[in-house]
There are 2 protein chains.
Amino acid sequence: MKENATRERIVQAADKLFYERGYEATSFADIADAVTLSRGNFYHHFKTKDAILLAVIALRKANTAAMLDHWAGAAHEPAERIRSFIRILIVNRAQIRLYGCPVGTLCGELAKLGHPAQAEASGLFTLFRDWLRREFVRLGRESDADALAMHVLARSQGIATLASAFHDDRFIDQETAGLSAWLDGLVASQPSPSTHS
Amino acid sequence: MKENATRERIVQAADKLFYERGYEATSFADIADAVTLSRGNFYHHFKTKDAILLAVIALRKANTAAMLDHWAGAAHEPAERIRSFIRILIVNRAQIRLYGCPVGTLCGELAKLGHPAQAEASGLFTLFRDWLRREFVRLGRESDADALAMHVLARSQGIATLASAFHDDRFIDQETAGLSAWLDGLVASQPSPSTHS
DNA sequence: GTCTATACCTGGATAGAC
DNA sequence: GTCTATCCAGGTATAGAC
């Protein structure tokens with residue numbers, strides 16, 4: 001049990017550091033320091049750095065799935081659920097301003113490294129994509145639900161990238177408002193959205 | 001003169017490597033190998049890695065300015081010029097699919113590293129932003145020209161990020177079409193666009 | 001202006017005592 | 001399960017011969 005607790009502390013510290021500094025720029029020593037653990041002991045829990053990365057991605061997937069479930073529980077209407085997604089940009093604006101989107105920046109870094117965990121990381125996007133697609137289907141957009149989901153994902157990624165590049169979080173409010181308005185227009189144009197879950 | 005030629009070859013090789021592998025992941029040895037130069041000789045041209053980064057950013061700025069001038073020369077109508085910007089996503093789709101946008105990914109990496117050249121790098125975005133803003137002003141959108149410029153930039157960044165994460169360039173065609181349609185709608189809603197340059 | 005050689009450091013990873 | 005000590009590869013940077 002104690003073993004699991006230490007392992008979890010390592011993964012959480014790595015999650016934070018990978019987000020704030022990037023995967024490659026984070027050393028074993030950095031993570032070990034963050035959880036006040038010796039470098040040697042570290043290898044008792046994780047053999048390689050790649051193993052830590054996979055554990056971090058798994059943690060993020062679990063957290064993401066829980067968040068999506070929470071949103072679905074908090075709102076029944078598909079448009080309101082999609083708005084929950086858009087709102088994460090605002091809720092996390094302080095972090096995004098500094099480090100961008102955790103998913104987008106990780107995927108970008110792994111792509112350049114040619115890292116084998118690329119597919120695992122983009123699976124994080126897939127969680128959001130599939131969830132959004134389902135809500136667009138419920139909105140009555142069966143035919144283009146996936147394209148709409150990707151559109152929302154892309155817009156949010158662009159917002160995060162520019163907010164970080166310009167260190168400007170007022171821009172986040174501006175653009176999320178535009179994205180919300182786009183969604184309103186979409187809903188208004190739908191004659192009779194299906195409301196069954 | 002020979003000195004300048006070697007220097008330029010170094011900067012061009014670094015430009016390519018920083019894009020494809022990232023700044024931190026690219027070593028002096030990588031760049032030296034690419035231009036078949038000894039490591040020692042390398043320092044005759046650049047004292048530090050940061051100096052190379054600044055030279056690469058300066059090169060990109062010059063190339064960007066030349067490209068923007070070219071677009072302005074090739075089309076007079078503001079909407080057509082803005083479409084030239086949107087088209088780079090399609091023209092460079094093979095690269096974007098693999099490595100994302102050179103500007104967005106560099107800014108993202110430098111932000112996480114807390115690198116002093118962050119402002120220099122985001123200046124690349126500013127070149128596009130100011131150029132687009134001017135074209136939106138010419139379209140008659142003085143009041144929100146900057147917001148529109150940032151909107152176009154954000155959309156294109158999102159497209160690049162997701163195309164890279166999913167290694168999907170069909171998505172680029174899909175989303176750029178949507179962005180072009182948005183621009184068409186904007187132009188159509190303008191009663192009398194100013195056409196003086 | 002170009003090379004070789006090398007100093008110095010950091011980071012990933014292992015061995016083995018406690 | 002935790003620690004210290006250590007190895008080795010690779011990266012930045014310098015010195016100095018040619």
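Below, all heavy atoms of this structure are taken into account, side chains as well, without hydrogens, waters or symmetry copies. This is a predicted model, so every value here is computed, not measured.
Relative ring orientation between B:H151 and B:W182 is described as tilted, the plane-to-plane angle lying within the 30° to 60° band. Ring geometry for A:F166 against B:F125 counts as tilted: the plane angle lies between 30° and 60°, on a 0 to 90° scale.
Comparing A:G40 and A:D30 by the nucleotide of DNA chain C that holds the closest heavy atom to each, the one mapping nearer the 5' end is A:D30.
The distance between atom CG of A:L113 and atom P of D:dG10, rounded to the nearest whole Å, is 16 Å. Rounded to an integer number of Å, the gap from CZ of B:F46 to C1' of D:dT12 is 16 Å. Remark: P of C:dA5 and OH of B:Y43 are 17 Å apart, rounded to the nearest angstrom. The CZ atom of B:R39 sits 18 Å away from the C1' atom of C:dG1 (whole-angstrom rounding). Taking atom CZ of residue A:F42 and atom C1' of nucleotide D:dA5, one finds them 19 Å apart after rounding to whole Å. In this structure, CD of B:E24 is placed 10 Å from P of C:dG11, rounded to the nearest angstrom. Spacing between atom CG of A:N41 and atom P of C:dG12 amounts to 16 Å, rounded to whole angstrom units. The separation between A:Y23 atom OH and C:dG11 atom C1' is 12 Å, rounded to whole Å.
The residue B:S27 sits close only to the backbone: its heavy atoms come under 4.0 Å of sugar-phosphate atoms, none of a base. Residue B:F28 is in sugar-phosphate contact alone, with no base atom involved, counting any heavy-atom pair closer than 4.0 Å across all strands shown. Within the nucleic acid shown, A:T26 comes within 4.0 Å of sugar-phosphate atoms alone, with no base atom in reach, counting heavy atoms only.
In this structure, A:H44 does not reach the D:dC3 phosphate: none of its side-chain N or O atoms is under 4.0 Å from OP1 or OP2.
For the pair B:Y23/B:T105, no side-chain contact is recorded, criterion being any heavy-atom separation below 4.5 Å from C-beta on. The side-chain heavy atoms of A:I96 and A:D169, taken from C-beta on, include no pair separated by under 4.5 Å.
A cation-pi contact, defined as under 6.0 Å to the ring centre and within 45° of the axis, is absent between B:K47 and B:F42.
With D:dA13, C:dA13, D:dT2 as the choices, the nucleotide that has an atom nearest any side-chain atom of B:K49 turns out to be D:dA13.
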